[in-house]
Asks: 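So that we are looking at the same thing, I have put the structure below in structure tokens.
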Amino acid sequence: MDAAFLQTLLPADAGVRITDVAIDPAGVAVQLATTADAAPCPQCRSASTAVHGRYRRTLRDRPCLGRPVRLLVTARKFVCRRADCPRRVFCERLPELTAPHAHTTGELADAHRHLGLALGGEGGARLAAELGLPTSPDTILRRVKDAPDEPTPRPRYVGVDDWATRKGHSYGTILIELERGTVIDLLPGRDGEAVKVWLAANPQVEVITRDR
DNA sequence: TTGTCTTGCGCAGAAAGCCC
DNA sequence: GGGCTTTCTGCGCAAGACAA
């Protein structure tokens, strides 16, 4: 596969260039090198050009032509020159490519998150394996939980039901927004007192139904 | 009984610090 | 700047709980 062609598939501001591409029994291995002259210290944000050393990162990415893709990144460590910064040495970040400590690219993490939102943990993991981006149900669920919360409009139509944290022992009250079918709150107890307080704080509610 | 989610734990790899 | 060690974090496995 042509490295120059593959370079066009990377975001222009990814901060890396492809140095080699190889196909082996494990899939496609893409060698990457970082390109920035300086990197900001994650602690004090001051830029440093003092390279301390290099290290290798391996990132799993979305498959190419049905083959698993590994990004083998040669990243650098920098020295933070600020005397008042507690961080002495830091690794350069690749925010357009991946998160700190991550083992996968942001693209692959997004794909896993979408599968989790659509199918849940187990189902998402099964389809992910079929699509060539295998992972565990745990990781699918983590991706969904880590996703930023979208702002929700204040509910107008609400369903009220009870639910058990431990059957026969302790119960609570669950509130469902009927327009979107999503859980909006969990309240302690099921005697109606907590619901009364919640409704007082949400005067925009127009319709309440029993059960979900 | 089956399928799914939650929780806890351990391993592997990334990041940081230190020495030369 | 290289190499090693330590610490931190992501990820997967296993067990248990729960709902259908």
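Lettering of chains follows the sequences in order, A, B, ..., and the numbering in each one begins at 1.
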Asks: What's the CG-P distance between A:L59 and C:dC11, to the nearest Å?
Replies: 10 Å
Asks: Counting just side-chain N and O atoms, does A:R143 come under 4.0 Å of either OP1 or OP2 of C:dG10?
Replies: no
Asks: On DNA chain B, compare the nucleotides closest to A:C91 and A:P137; which residue's is nearer the 5' end?
Replies: A:P137
Asks: Count I, L, V, M, F, W, Y as connected when their side-chain heavy atoms are under 4.5 Å apart, and connections chain through other members. Are A:L59 and A:I23 then in the same cluster?
Replies: yes
Asks: From C-beta outward on A:R93, which listed nucleotide comes closest to its side chain: B:dA15, C:dG1, C:dC11?
Replies: B:dA15
Asks: Considering only side-chain heavy atoms of A:T58, which listed nucleotide, C:dC11, B:dA14, B:dT7, is closest?
Replies: B:dA14
Asks: Expressed as a whole number of angstroms, how long is the span from A:L133:CG to C:dG12:P?
Replies: 12 Å
Asks: Closest approach to the side chain of A:R60, judged atom by atom: which nucleotide of C:dG12, C:dG10, B:dC5 is it?
Replies: C:dG12
Asks: Between A:T104 and A:A50, which has a closest nucleotide on DNA chain C that is more 5'?
Replies: A:A50
Asks: Whole angstroms only, please: what is the CZ-C1' distance between A:F78 and C:dG2?
Replies: 16 Å
Asks: Does A:D138 make a side-chain donor-acceptor contact with the base of C:dC13, cut-off 3.5 Å?
Replies: yes
Asks: Out of B:dT6, B:dG13, C:dG12, which has the shortest distance to the side chain of A:L141?
Replies: B:dT6
Asks: Hydrophobic clustering (ILVMFWY, side-chain heavy atoms < 4.5 Å, transitive) - are A:L72 and A:V16 grouped together?
Replies: no
Asks: In whole angstroms, how far is the P atom of C:dG10 from the NE2 atom of A:H112?
Replies: 16 Å
Asks: Between A:T135 and C:dG12, is there a side-chain N or O to OP1/OP2 distance below 4.0 Å?
Replies: yes
Asks: Side chain of A:R142, heavy atoms from C-beta onward: which of C:dG1, C:dC11, B:dT4 has the nearest atom to it?
Replies: C:dC11
Asks: Take the protein atom CD1 of A:I140 and the nucleotide atom P of B:dG3, then report the distance between them rounded to whole Å.
Replies: 19 Å
Asks: Is there a donor-acceptor contact under 3.5 Å linking the side chains of A:T34 and A:R76?
Replies: yes
Asks: Keeping A:R60 on the side-chain end and A:P134 on the backbone end, is there a donor-acceptor pair under 3.5 Å?
Replies: yes
Asks: With a non-hydrogen cut-off below 4.0 angstrom, is A:R76 in contact with a base, only sugar-phosphate, or nothing?
Replies: nothing
Asks: On the nucleotide B:dG3, are OP1 or OP2 found under 4.0 Å from the side-chain N or O atoms that A:R126 carries?
Replies: no
Asks: Using atom CZ of A:F90 as one end and atom C1' of B:dA14 as the other, report the distance to the nearest whole Å.
Replies: 16 Å
Asks: Taking the side chain as everything from C-beta on, heavy atoms only, tell me whether A:I140 gets closer than 4.5 Å to A:T135.
Replies: yes
Asks: Is there a donor on the side chain of A:K77 or the base of B:dA16 sitting less than 3.5 Å from an acceptor on the other?
Replies: yes
Asks: Is any side-chain heavy atom of A:V89 closer than 4.5 Å to a side-chain heavy atom of A:F78?
Replies: no
Asks: Could you give the CD-to-C1' distance, from A:E92 to C:dG1, as a whole number of Å?
Replies: 15 Å
Asks: If you check the A:R57 side chain, which of B:dA15, B:dC5, B:dG17 turns out closest?
Replies: B:dA15
